[in-house]
Structures are given as C-alpha cells and as structure tokens.
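Here is how names work: the chains are called A, B, and so on, in the same order as the sequence lines, proteins then strands, and each is numbered from 1.
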2 protein chains.
Amino acid sequence: MNIYDIAKEAGVSPATVSRVLNNHKNVKEETRNKIQEVIKGKNYSPNTIARNLSVGTSRNIAFMVPDIENPFFSKILHGISDRAMDNDYNVFMFGTAENTAREHKILDSLKIEMMKGLIIIPVSEADRETAERLKEFEEQGVPVVLIDRDVRNARFDAVFSEDMEGACEAVECLIEEGHKKIGIITGPDTSRPGHERLKGYKRALANNGISLNKDYIICGNFMEDESYEAMKQLLDLEDPPTAVFTSNNMTTLGALRCLKERQMKLGADISVVGFDDIKELAYTDIHLTAVTRPVYEMGCEAMRILERRFRKAEGVEEEKLIIQRNLVKTWLIKRGSEKHKDLSGGSDTYHT
Amino acid sequence: MNIYDIAKEAGVSPATVSRVLNNHKNVKEETRNKIQEVIKGKNYSPNTIARNLSVGTSRNIAFMVPDIENPFFSKILHGISDRAMDNDYNVFMFGTAENTAREHKILDSLKIEMMKGLIIIPVSEADRETAERLKEFEEQGVPVVLIDRDVRNARFDAVFSEDMEGACEAVECLIEEGHKKIGIITGPDTSRPGHERLKGYKRALANNGISLNKDYIICGNFMEDESYEAMKQLLDLEDPPTAVFTSNNMTTLGALRCLKERQMKLGADISVVGFDDIKELAYTDIHLTAVTRPVYEMGCEAMRILERRFRKAEGVEEEKLIIQRNLVKTWLIKRGSEKHKDLSGGSDTYHT
DNA sequence: GTGAAAGCGCTAACAC
DNA sequence: GTGTTAGCGCTTTCAC
C-alpha cells in the first residue's frame, strides 16, 4: 500500500496526500479530514526509505562508543536515546571495543546519506584516520559531536567534563587527609580524560608543595586488568603510596580487586579516590570517595548540540561557524575511602 | 555523485556498474576492473537508501529493551551488536523504560519498511497491544525474536533461559544449608522470568517437603526500590525468613541496600541467593551466591535466529513454519552468601 | 487548494 | 556481456 492507493481511495492526488502527511498548510480542512480518515482506515504508514530518498536525508543518528558494557557509556546512551526519542530521531549504536581499526571500519561502512548526525566517543585522540573520516562527515553535511574524549587535528562540537579540576579536587582531598605519598593509575595518554586527569593530579601535588614521584604514576589504560596490575606494582614499591587516585570506573575496579586479594582494608590500610562513581558499591563495605558528574545529561547535551547543528544547516539559526564545546562540572562525594588509619583525623566515623 | 557518473566515466551503462557493485557474475573481467578503478578514483560509494528502496528492504534491525542502563541488557546488546557487525547489519536501540505505552509508541513509529528484523525484550507478557503489533510485523515479513521474556497470544522465535530450574537450584542450595524459612522477592507476574522463577522457588520447597508461607513471597517487580521495600517487609515479619531468594540483579541490589541499612551481615545474619550475577560485588565483602547464565551468548543467539529467518524468507532454507525457542542453561556460583551463622555447616570458611 | 509529472539513486527484467 | 528502461514510494516544483 502506498500513497497512490490512499489518493485513489480518497479521490485526490498523491501530492495532496503527501501534503497532509507532512502537515502542509494549503489543504482544505475537508479534504484533510477525508484523507486522514482513509489513512486510518487502511492503517497506512508512509515508507520512510522512499521519503528519505526523496528528501535526501534521514532522521538517523549514529552513536559510537568504545565499550558497550561500561555503565558510564550506557548512561550516556540513555541520555541520547531519551532526547532522540522525544524528537523522533532514531539512534544506531556501534561499539568500537576500544579498537581504532574497528572504529575506522565502522566509520567507513556508515553510509553517509543514511546518517543525519554522528555522536562519538573516539577511541584515541592521536588517531589521524578517525579524525580524517570525521572531517569528511562534516564536509558532507553530517555534523559530528564528541563526548568525553577529543581528537587532534580537527575541531568538532563536544561535551567534555572538567577532568583536570575534578582530578585535582580528588587528590587535594587526599592531601587534606594528610597523605603525602599519593599514587595514580592513569588512563591512556591518548585521551583527554587520560591526560587531563593526570594533569589534575600533578597540579594538586604542586599546589601543595608535594614533589612528584615518577614511581607513583602508572598507566592502567582505563582497563580493569591493567589497572589491577598497576595497583600491584604500586603496592610492591619499596616505599608504596598510602593513597591512590584511580582515573576511571574500570580503573577503580581493578584496584579494588588487588586490594581484596591482599586483604587490605580500604579507608584504613590504604586510601583510594576514584574518578566516576560505581553505583553497586553503595551497599557494600567499599565506601568509595569519587568524582561524580552528570553523565546522563552529557548524553542529552550532545543530542541537543546535534539538533542545533541541524537547525543551522537548515538556516534556521545563524552563526554557522561557531564551534560549541561544553564542559560539565564535576563534584566530589566523600564516603570514607580517602581516610587512612596511620594519618591524622582517623577513620573511625566510617567504620561503625 | 551517482551510478550514472561512474557509468559515464567508465564508458559503460549504469546497469553494468550496478552489476559490479553487487558482485554479479556476467561482467567481463576487463570492464569490471575498469569500473572498480573509476569507483576508487572518484571515491564513490553507493547510496544505501536508494538501494534499499529499490530492493524493498534494509539491513537494519531494531533492538527494544526495557532498561538501557541495566548491565544485563547491555551485555545482551553487546552480543547482538558484535554478531550484527560481523554480518553487516546495523542495530537500532530503543529503550522502553519498562513502560508499555512507550513500547507501543516505539513499535508504531518503527516504520515497518525500515526494519529487516526485530529483537525485543517485551515489557509485559500480558500486553495484548504489543503482541498485536509484533504479529503485524511478522505478517509484513519482518521476523521477531524475543529474548528473556515472552508474550501471550502469539508465538515468536525466542531465546529464554531455564528460569525455573535456575531458581529451583538456588533455593535448594539454601535448603541444603539447613534453611527452612526462605523468602522470595519476586519479579512481576507478567513476565516469564517473574513467574517461572517463582515457580522454581515453589518447586524447591515442595521437593523438600517445606510448606509454603504466603508471607514469605513478596513482589519487588524487578525494581531496586520496590525490592528494598519488599526486603524490609520480610525482615519485619514476626517470624522473618532466615534466607531470601532475590529474583534478578536489581532485586538483589535493593535487598542489599536494606541489609546494609540494618547492618545485617550477609552470609551470617541472613542468607541471600540471587538470580543473575553482579560483577562489581566481586571485590567487596558481599560474597553473593548467584544463578548465572551466558548473557552475551543470548544476544548472539537471538541475532543468529533472526538471520536464519531471513534466509528462510529468501527460500534458502526450508521448514518455514518451525518456531524456534531456545533455552539457555543456568548454573549456580556459590560464594558464601547462602550460609547462616545459626545453621549447621557454619560460615567460617567464608569469613577469614 | 489541488494535480501532473519530474525526479531522488539504484536494481532487475528483458532485449540485444 | 552489456544496455535500455521501468519501476521502488515519496516529495516538490510548476501549472491551473
């Protein structure tokens, strides 16, 4: 069943049917009603593909994410998805598995004309090929919005967080507890959250006159397993740190695994502050102090920026050239894991 | 740039270009090369929408899930997504938020023509409207595969798990520990996992000559908050249960929240066994004994079934009428939370 | 306010 | 082996 069947049935031309389908004005109320009646009666719904071909665009947006199972990303997707649904966009989900090759492959197979926009958390900011491909999308009129991670060699609209400030606050919280020997398990240096959080760590130390110890900086690549190894390495130092800042949720889990294995009590034998919260820990003995941010809203915001770009493309809005890069604020939630039994202040309050 | 440009440039007809694009045989090696050269040279890629319109189908599959952020569903998505990518399908993700109205809305807006297949974890099996819509999809040639939950009034291909058996094993494990007063926080009665797991609970009791106590059965609707309330209710009974079976991961979290609040020690003051594991707990003091199943594989399997249906539709395979309903096995991982200090066997081994 | 008709870019008979 | 051509279902000028 197509627009012609409806037209015939309603005794009008396909053009008119198309008009009511698209809510055009110039249609007599009477004919409009008649047509809508027929449409309902025949339970007709227009063919999106044909429509897309005709108008040369779609309402599909692609969301590319490094790890489908990471709750942080799920939450972003949730934000994107809710806002997309409200505005009748459909979102395709692609997992890159933290693998640039896979990222390229997906980007190549994404038919440009099928996508109206692209939201991506790129695997690596050092990757030129991804940057090239993204630029191509923009050139073809498909706007790109980054979330959380940046790319070099190009500027796109983006939603980031105050990684440096958040990390700095976290480490300063440890310093306030009296810690001087503070380690960090970093993310990859090729991602904004990776290097900015490290920068925040360094700044906190500098602000407080604590000199940097290279041994205390180990990369965990935001991966649980590597972070576990990193934690082992830190603890096995001759002069191990009394506190560790873990750079993201996976990093924190890896570190916790190590502590558990060694039967070290968090908030007593060792202190840990993490970036990004882990909801499930709330009902356990792990009272994690963590940097938090409005993750769901980051997704919504990315979608909002995209829509703005669509409107600009249609000439509805001006200032086509301004690139929008939003920074969301972070805040620290203290729960006790920043404490240490050997340092002033004690940790009793948290271990009742 | 389109197929005509390429044709002109290569000095052939658009049909021939189309032939090489689609790997048809009847093309002279020489012309094929020539055309491929031009394609590469002009960096041309065919328009998927036009192709879809022409052949009357797409490679898009829709995945509808009740809760985008539940890790259980993320894992399923991961399975679907990986397999889809390997076979060049694209997956649209839709979150129904456990809301039938939203589910209907999405189903209605999913233009039938745009989807080649549908994988869904329906909100409620009692919902006729969803069932009707799904049937319509199948009638229009869009196969539907259910995961985890069923719908009444219709039969679709599906991937379920052995909910009853899994729950039964979990509860029998508690019974083996000496428990006689065992509570359950159930899921909604309108979902297969909900009622089947309850059935498993009942069967375990019956198998072991333990009579049913209605007070011990409380519905948590698979929601964390409701489950928290349910746990409170159980503990406030005059003769509270010594052990509780929690029917899914969210249910377990709600119960844990309550225990934490009341400072009850899991595996000592009370025993809990849950359906579905919670990864994050591994590094905490919560040694949850849980029913486990191959979640990622359930996603892959759903996708595999869908592809099979596509092949059948194309007449590649026979036996068009057989409905395929797969049941994945579950197994129990014991970690100590089934123990209780007041019962034989002791729990010391788990509290070193 | 409405209709006729020319596309959108590709595929698939059918003819040669 | 290759070309011609008529769609796929919709939108959108341009007339009327």
Side-chain angles (χ1 to χ4, degrees), chain A residues 1-36 38-39 42-60 88 111-116 140-142 314, chain B residues 1-39 42-60 88 109-116 140-142 314-315:
Chain A
M1 185 168 33
N2 61 28
I3 225 180
Y4 286 86
D5 299 325
I6 303 298
K8 199 179 301 169
E9 184 83 9
V12 297
S13 80
T16 308
V17 177
S18 173
R19 284 189 190 101
V20 340
L21 249 22
N22 294 285
N23 285 316
H24 283 244
K25 44 247 55 257
N26 297 336
V27 181
K28 216 197 304 175
E29 200 49 31
E30 197 184 316
T31 31
R32 182 184 300 276
N33 292 144
K34 171 68 185 162
I35 291 172
Q36 266 157 352
V38 175
I39 288 177
K42 302 204 130 197
N43 191 21
Y44 160 81
S45 83
N47 181 315
T48 320
I49 298 187
R51 171 166 214 291
N52 288 347
L53 177 60
S54 188
V55 299
T57 177
S58 78
R59 294 189 74 84
N60 301 338
D88 275 327
K111 326 308 174 313
I112 284 183
E113 65 291 334
M114 280 213 46
M115 295 300 151
K116 188 167 177 80
Q140 311 260 357
V142 180
E314 288 163 4
Chain B
M1 185 170 30
N2 60 28
I3 228 183
Y4 287 88
D5 300 325
I6 303 298
K8 201 180 297 169
E9 184 84 10
V12 296
S13 81
T16 307
V17 177
S18 173
R19 285 188 188 101
V20 341
L21 248 23
N22 295 286
N23 285 316
H24 284 246
K25 43 246 58 246
N26 298 335
V27 182
K28 216 197 304 176
E29 199 50 31
E30 197 183 315
T31 29
R32 182 185 300 276
N33 293 145
K34 172 67 186 161
I35 291 171
Q36 268 157 352
E37 208 169 280
V38 175
I39 288 176
K42 303 205 128 194
N43 191 23
Y44 160 82
S45 84
N47 182 316
T48 321
I49 297 189
R51 170 165 215 289
N52 287 347
L53 178 59
S54 188
V55 299
T57 179
S58 77
R59 294 190 75 83
N60 301 338
D88 275 326
S109 72
L110 270 190
K111 314 309 174 317
I112 288 182
E113 300 79 359
M114 283 214 42
M115 295 299 154
K116 187 167 176 80
Q140 312 258 356
V142 180
E314 287 162 6

Closer than 3.5 angstrom, by distance alone: can the side chain of Asp5(B) be matched with the main-chain N or O of Lys8(B) as a donor-acceptor pair?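 Checked: no pair found.
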Quick one: does Arg19(A)'s side chain have a donor or acceptor within less than 3.5 Å of a partner on Asn26(A)'s backbone? no
Those residues that, when tested against Ser13(A), pass side-chain contact (heavy atoms from CB on, under 4.5 Å) (two or more places apart):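 Ser13(A): side-chain contact (heavy atoms from CB on, under 4.5 Å) contacts with Ala15(A), Thr16(A).
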What are the bounds, 5' to 3', of the part of DNA chain C that sits under 4.0 Å from heavy atoms of chain A? dG1(C) to dG9(C)
Take the C1' atoms of the five end pairs on each side of the helix from dG1(C)-dC16(D) to dC16(C)-dG1(D), get both axes, and report the angle to 10 degrees. 40°
Nearest 0.5 Å, what's the [atom1]-[atom2] distance between [X] and [Y]?
{"X": "Glu37(B)", "Y": "Ile6(B)", "atom1": "CD", "atom2": "CD1", "result": "12.0 Å"}
{"X": "Lys28(A)", "Y": "Ile35(A)", "atom1": "NZ", "atom2": "CD1", "result": "11.0 Å"}
{"X": "Asn47(B)", "Y": "Ser54(B)", "atom1": "CG", "atom2": "OG", "result": "11.0 Å"}
{"X": "Glu113(A)", "Y": "Ser58(A)", "atom1": "CD", "atom2": "OG", "result": "9.0 Å"}

Side chains of [X] and [Y]: does their closest heavy-atom pair fall under 4.5 Å?
{"X": "Ile49(A)", "Y": "Asn52(A)", "answer": "no"}
{"X": "Asn60(A)", "Y": "Met114(B)", "answer": "yes"}
{"X": "Arg51(B)", "Y": "Asn22(B)", "answer": "yes"}
{"X": "Leu21(B)", "Y": "Ile3(B)", "answer": "yes"}

Is Glu30(A) atom CD crowded by more than 12 heavy atoms from other residues, nucleotides or ligands, each under 6.0 Å away? no
For nucleotides 3-7 of chain D, which of its nitrogen or oxygen atoms have a protein nitrogen or oxygen under 3.5 Å away, and what is each distance?
{"residue": "dG3(D)", "atom": "OP2", "partner": "Ser13(B)", "partner atom": "N", "Å": "2.8"}
{"residue": "dG3(D)", "atom": "OP2", "partner": "Ser13(B)", "partner atom": "OG", "Å": "3.2"}
{"residue": "dG3(D)", "atom": "OP2", "partner": "Thr16(B)", "partner atom": "OG1", "Å": "2.6"}
{"residue": "dG3(D)", "atom": "N7", "partner": "Arg19(B)", "partner atom": "NH1", "Å": "3.4"}
{"residue": "dG3(D)", "atom": "O6", "partner": "Arg19(B)", "partner atom": "NH2", "Å": "2.3"}
{"residue": "dG7(D)", "atom": "N2", "partner": "Ser54(B)", "partner atom": "OG", "Å": "3.1"}

Quick one: [X] [atom1] to [N] [atom2], roughly how many Å, whole number?
{"X": "Ile3(A)", "N": "dT11(D)", "atom1": "CD1", "atom2": "C1'", "answer": "8 Å"}
{"X": "Ile35(B)", "N": "dT2(D)", "atom1": "CD1", "atom2": "P", "answer": "8 Å"}
{"X": "Glu113(A)", "N": "dC10(D)", "atom1": "CD", "atom2": "C1'", "answer": "17 Å"}

Sequence-distant partners of Glu9(A), salt bridge (charged side-chain N to carboxylate O under 4.0 Å, His left out), two or more places apart: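 Per chain and number, Glu9(A) pairs via salt bridge (charged side-chain N to carboxylate O under 4.0 Å, His left out) with Lys42(A).
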Taking any heavy-atom pair under 4.0 Å as a contact, classify Asn52(A): base, sugar-phosphate, or nothing. nothing
Nucleic acid contacts - residues 23-31 of chain B versus DNA chain D, non-hydrogen atoms under 4.0 Å: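 Here the set is Asn26(B), Val27(B), Lys28(B), Thr31(B).
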Are OP1 or OP2 of dG9(D) and a side-chain N or O of Arg51(A) less than 4.0 angstrom apart?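 Checking Arg51(A) against dG9(D): no side-chain N or O falls below 4.0 Å of OP1 or OP2.
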